[in-house]
Amino acid sequence: MMGKLNIFEICYTNLTGVYYAGQVVEGIVTVELKEPMKMRGIRINFKGEAYVMWEERRTEKHGHEESDVNDTYFNSEKYFDQDSLLFGIWPNQGNRTQELPAGRHTFPFSFQLPFNLPSSFEDYVGYVRYTAIGIIDKPWKFNHKTKRPFTIIGVLDLNQIPGAQQRLQVTKEKNVCCLCCKTGPIQATFNIERTGYVPGEAIKIYAEIRNGSSRRIDKSYVNLIMYKTFHAVTRARTDIQEIARVTRPSIPAHSEDVWSGENLVIPPLPPSYLQGCRIIDINYILKLNVDPSGPSLDLIIPFEVIIGTVPLAFVVESCPPMPPSPIAFEKLYQWDLTPSAPPPNAMAALPPGSPSNNPPPSYKECITGPYSIRDKDDNEHVKGQLSYAPSYTYYNWGHKPSGLPS
């Protein structure tokens, strides 16, 4: 920062910056001045909101002429927007200024989160975002602002979801054609042990693939896909993103191949459904893809899986995850700056509603990586953390997820 202002930053008592609805966000705002500064006051704004916006291009005809038109679709919802005065007076109390001396000053804050908040989520098309914004209010001059996001995790307890323990199995067959002649069928049976998982777990893949055709199958693979549906006021769109993939090699003609429990590790992700948000939905589909050589469509078997924040009790009882390290953490991705465990007394050790014998989760940054959180009205005087990836619950069963498929 230039001029008189040397440091203006927000720090949370909970170093992970991860909270659950109903908890209290506490911390300090630090202001360090090289010289005294006149100001009306210092305040902090806590904001929680969801927003979606995109453009679509269409062609309009005007007689014999055509022109391209961009239609903008958007929607929003607000969860909270609250200010707290840390020093001086409010803007509606007049233009009287006070001088803050040179040196370092700290101002504690505390904010009670509402209940029933949706999980944080970031995407280019839309987001659910929670931020604290510090403001040095200077009448007749530009205000200094500093921004610091924090993550809210909406609890999705797999033990409360009907069907989360259900085993899934499907058999499917298709004929492979060559020059308009059938060359024989390919058949696949795909099954997984259950429907519900949490980040850090490995989905064990079981499949039998029979290649009854005279053509080679180039490969078979299983991938996890995130379906993101954004609801504007008058329109909706669904984007898909491949999250993880496991591949097996080719299968010669008239041969078979078997998946015998290969692991697809679930990386840090937002929970399914994004409960509490009416304008963004999230679903996860696990697909077996059998890819014949040549010009032929894949044989695909899809399963919807549920990604939760609290693991199934019988899974924890049979194979407890390892507790997070209180000292150090291993980065999952190069941008991951989140400590794996909160400091003592920083926050509740378990997600609300978790069985008391569950070990606490770690909190890892989302595999999709950071996004810019600059708002359209942010100018060059807005500082702080302007690139951000939410952190989600992550249970350590000793598996390490790969990065996003290329």
Side-chain angles (χ1 to χ4, degrees), residues 17-23 47-54 73-81 113-131 149-164 195-201 224-233 235-244 266-286 303-311 351-354 361 363-371 373 388-395 404:
V18 177
Y19 299 88
Y20 294 92
Q23 291 185 328
K47 183 177 293 185
E49 61 184 348
Y51 181 75
V52 301
M53 192 276 286
W54 71 91
Y73 301 95
F74 64 92
N75 205 349
S76 65
E77 57 184 22
K78 187 168 289 187
Y79 308 117
F80 54 83
D81 187 358
L113 290 167
F115 291 92
N116 302 317
L117 295 173
S119 287
S120 298
F121 174 73
E122 292 288 338
D123 187 84
Y124 293 114
V125 179
Y127 58 78
V128 177
R129 185 179 299 163
Y130 302 93
T131 52
F150 56 93
T151 297
I152 297 294
I153 296 179
V155 177
L156 186 62
D157 186 350
L158 295 177
N159 300 283
Q160 306 299 318
I161 298 184
T195 303
Y197 298 86
V198 294
E201 276 194 275
L224 179 65
I225 300 173
M226 179 194 293
Y227 283 72
K228 302 169 284 188
T229 302
F230 304 95
H231 301 274
V233 175
R235 196 172 180 85
R237 66 177 273 179
T238 298
D239 294 351
I240 65 173
Q241 183 173 9
E242 188 178 27
I243 297 299
I266 300 173
L269 290 169
S272 294
Y273 314 133
L274 214 61
Q275 291 178 338
C277 180
R278 293 174 295 179
I279 64 175
I280 303 174
D281 295 320
I282 295 177
N283 298 90
Y284 296 97
I285 304 295
L286 187 75
F303 291 149
E304 180 168 6
V305 293
I306 302 168
I307 307 299
T309 62
V310 179
S354 299
Y363 299 96
K364 300 293 185 183
E365 289 194 345
C366 186
I367 188 175
T368 55
Y371 288 83
I373 60 169
Y388 167 66
S391 297
Y392 299 113
T393 52
Y394 189 84
Y395 294 84
L404 286 172

Open item on the list: Please report whether the ring centroid of Tyr124 lies less than 6.0 Å from that of Tyr371.
Closed with: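 Ring centres of Tyr124 and Tyr371 closer than 6.0 Å.
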
Open item on the list: Please determine whether side chain to side chain contact (heavy atoms under 4.5 Å, CB included) holds for the pair Asp281 and Leu274, giving the CA-CA distance in whole Å, both sets of side-chain angles, and the decisive distance to 0.1 Å.
Closed with: CA-CA 6 Å; Asp281 295 320; Leu274 214 61; 5.9 Å; no

Open item on the list: Parallel, tilted or perpendicular: which one describes the rings of Tyr19 and Phe150, with boundaries at 30° and 60°?
Closed with: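 Because their plane-to-plane angle is over 60°, the rings of Tyr19 and Phe150 count as perpendicular.
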
Could you tell me if the side chain of [Y] sits less than 4.5 Å from the side chain of [X], heavy atoms only?
X      : Y      : result
Met53  : Tyr73  : no
Glu242 : Leu404 : no
Val52  : Ile280 : yes
Asp239 : Val125 : yes
Thr195 : Glu304 : no
Leu269 : Ile282 : no
Tyr20  : Ile152 : no
Phe121 : Cys366 : no

Donor + acceptor pair across side chains of [X], [Y] (<3.5 Å):
X      : Y      : answer
Ser119 : Tyr392 : no
Tyr51  : Glu49  : no
Thr229 : Thr238 : yes

TODO: Test Val198 against every option in Pro361, Pro311, Pro271 by the side-chain contact (heavy atoms from CB on, under 4.5 Å) rule and name the one that passes.
DONE: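 Only match with Val198 under side-chain contact (heavy atoms from CB on, under 4.5 Å): Pro311.
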
Task: Candidate list Pro390, Pro149, Pro270, test side-chain contact (heavy atoms from CB on, under 4.5 Å), partner Ser120, passing option - done: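 Testing Ser120 for a side-chain contact (heavy atoms from CB on, under 4.5 Å) against Pro390, Pro149, Pro270 leaves exactly one candidate, Pro390.
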
I need the minimum non-hydrogen distance between [X] and [Y], along with the two atoms involved.
X      : Y      : answer
Phe230 : Gly126 : CE2-N, 3.8 Å
Glu77  : Gly276 : OE2-O, 3.8 Å
Phe80  : Lys47  : CE1-C, 3.3 Å
Ile243 : Pro267 : CG2-CG, 3.5 Å
Pro199 : Thr393 : CB-O, 3.3 Å
Tyr130 : Gly48  : CD2-CA, 3.6 Å

So, taking the atom named [atom1] in [X] and the one named [atom2] in [Y], what distance separates them when rounded to the nearest 0.5 Å?
X      : Y      : atom1 : atom2 : value
Ile279 : Asn75  : CD1   : CG    : 5.0 Å
Tyr388 : Glu365 : OH    : CD    : 8.5 Å
Ile285 : Met226 : CD1   : CE    : 12.0 Å
Gln275 : Leu117 : CD    : CG    : 13.0 Å
Leu158 : Ile307 : CG    : CD1   : 8.5 Å

Open item on the list: Can you tell me if Phe74 has over 12 outside heavy atoms packed within less than 6.0 Å of its CZ?
Closed with: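 It does not: Phe74 CZ has 12 such atoms or fewer within range.
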
- [ ] Return yes when atom CG of Asp81 has more than 12 non-hydrogen atoms of other residues, nucleotides or ligands closer than 6.0 Å, and no otherwise.
- [x]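 Count over threshold, so yes.
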
Task: Sequence-distant partners of Tyr284, ring pair (Phe, Tyr, Trp, His ring centres under 6.0 Å), two or more places apart - done: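 Applying ring pair (Phe, Tyr, Trp, His ring centres under 6.0 Å) to Tyr284 gives none.
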
Open item on the list: Could you go through Lys228 and Asp123, starting from their C-alpha distance and side-chain angles, then the distance that decides it, and tell me whether this counts as side chain to side chain contact (heavy atoms under 4.5 Å, CB included)?
Closed with: CA-CA 9 Å; Lys228 302 169 284 188; Asp123 187 84; 2.8 Å; yes

Open item on the list: Working note: Asn159 + Val310, criterion side chain to side chain contact (heavy atoms under 4.5 Å, CB included); need CA distance, chi angles, decisive distance, verdict.
Closed with: CA-CA 8 Å; Asn159 300 283; Val310 179; 4.1 Å; yes

Open item on the list: Working note: Asp157 + Thr309, criterion side chain to side chain contact (heavy atoms under 4.5 Å, CB included); need CA distance, chi angles, decisive distance, verdict.
Closed with: CA-CA 6 Å; Asp157 186 350; Thr309 62; 6.0 Å; no

Task: Lys/Arg N to Asp/Glu carboxylate O, Glu122 vs Arg129, below 4.0 Å - done: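 Between Arg129 and Glu122 there is a salt bridge, with a charged N closer than 4.0 Å to a carboxylate O.
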
